[in-house]
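Here the structure is a predicted model, which means the values were calculated and not measured.
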Amino acid sequence: MPSLENVTAALEAKNGENILTLDLKDKGGLADSFVLVTGNSETHMKTLTDAAQEALESEGRTCRIEGEHSLNWRLIDAGDIVVHVFSHKGREFYRLERLWEND
């Protein structure tokens, strides 16, 4: 899946921490994949958000971004791929890994 690989490569290139992809194809209709990444600061979170958006849009995908002014969480919705950019505090609070692994 090129888009997923491009997104994770873009996040790695910007030093995103604890990058995790979750396959949700069999979990319901939200998205096929979630990508989770942690940033060290508000600036780093913006850099990661921009990198993911650019990687997705370079393949012709339309992205919708939520939480642009949040200090803990941002979301890039590209349809079948959703990228969650967290602060350390936000990642611990939302615990999406645990939510989806128990489903």
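In plain terms, the two heavy atoms of Gly79 and Ala31 that are nearest each other are O-CB, 3.7 Å. Summarising the geometry of Leu48 relative to Leu11, their closest heavy-atom pair is O-CD2, 3.5 Å, with the distance given to 0.1 Å. Among all heavy-atom pairs drawn from Asn15 and His44, the shortest one is O-CE1, 3.2 Å.
Val83 has its side chain within reach of Leu56: a pair of non-hydrogen atoms, C-beta onward, lies under 4.5 Å apart. Put simply, the side chain of Glu68 does not reach to within 4.5 Å of the side chain of Thr49, judged on heavy atoms. Considering only heavy atoms from C-beta on, Val37 stays 4.5 Å or farther from Lys14 through its side chain. The closest side-chain heavy-atom distance from Cys63 to Ile76 is below 4.5 Å.
Within a 6.0 Å sphere centred on CD of Glu12, other residues, nucleotides and ligands contribute more than 12 heavy atoms.
Of the candidates Asn72, Thr38, Asn40, His88 forms a side chain to side chain donor-acceptor pair (under 3.5 Å) with just one, namely Asn40. Test Glu42, Glu66, His84 against Arg74 for side-chain contact (heavy atoms from CB on, under 4.5 Å) and you get one pass: Glu42.
To the nearest 0.5 Å, the span separating CD on Glu57 from CG on Asp50 amounts to 10.0 Å. To the nearest 0.5 angstrom, Ser33 atom OG is 8.5 Å from Leu22 atom CG. The structure places OG1 of Thr21 at 12.5 Å from CG of Asp32, a figure rounded to the nearest 0.5 Å. Rounding to the nearest 0.5 angstrom, the gap separating the CD atom in Glu97 from the CG atom in Leu36 is 5.0 Å.
Remark: side-chain polar atoms of Arg91 are paired, donor with acceptor, to backbone N or O of Asn18 under 3.5 angstrom.
A chain of hydrophobic side-chain contacts below 4.5 Å, direct or via other Ile, Leu, Val, Met, Phe, Trp or Tyr residues, connects Phe34 to Leu20. The same ILVMFWY cluster, assembled from side-chain heavy atoms under 4.5 Å apart, contains both Phe93 and Val82.
Using cut-offs of 30° and 60° for the angle between ring planes, the Phe86 and Tyr94 rings count as tilted.
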**Item:** Residues Asp80, Arg61; criterion side-chain contact (heavy atoms from CB on, under 4.5 Å); working and verdict
**Value:** CA-CA 10 Å; Asp80 60 336; Arg61 292 174 176 271; 2.5 Å; yes
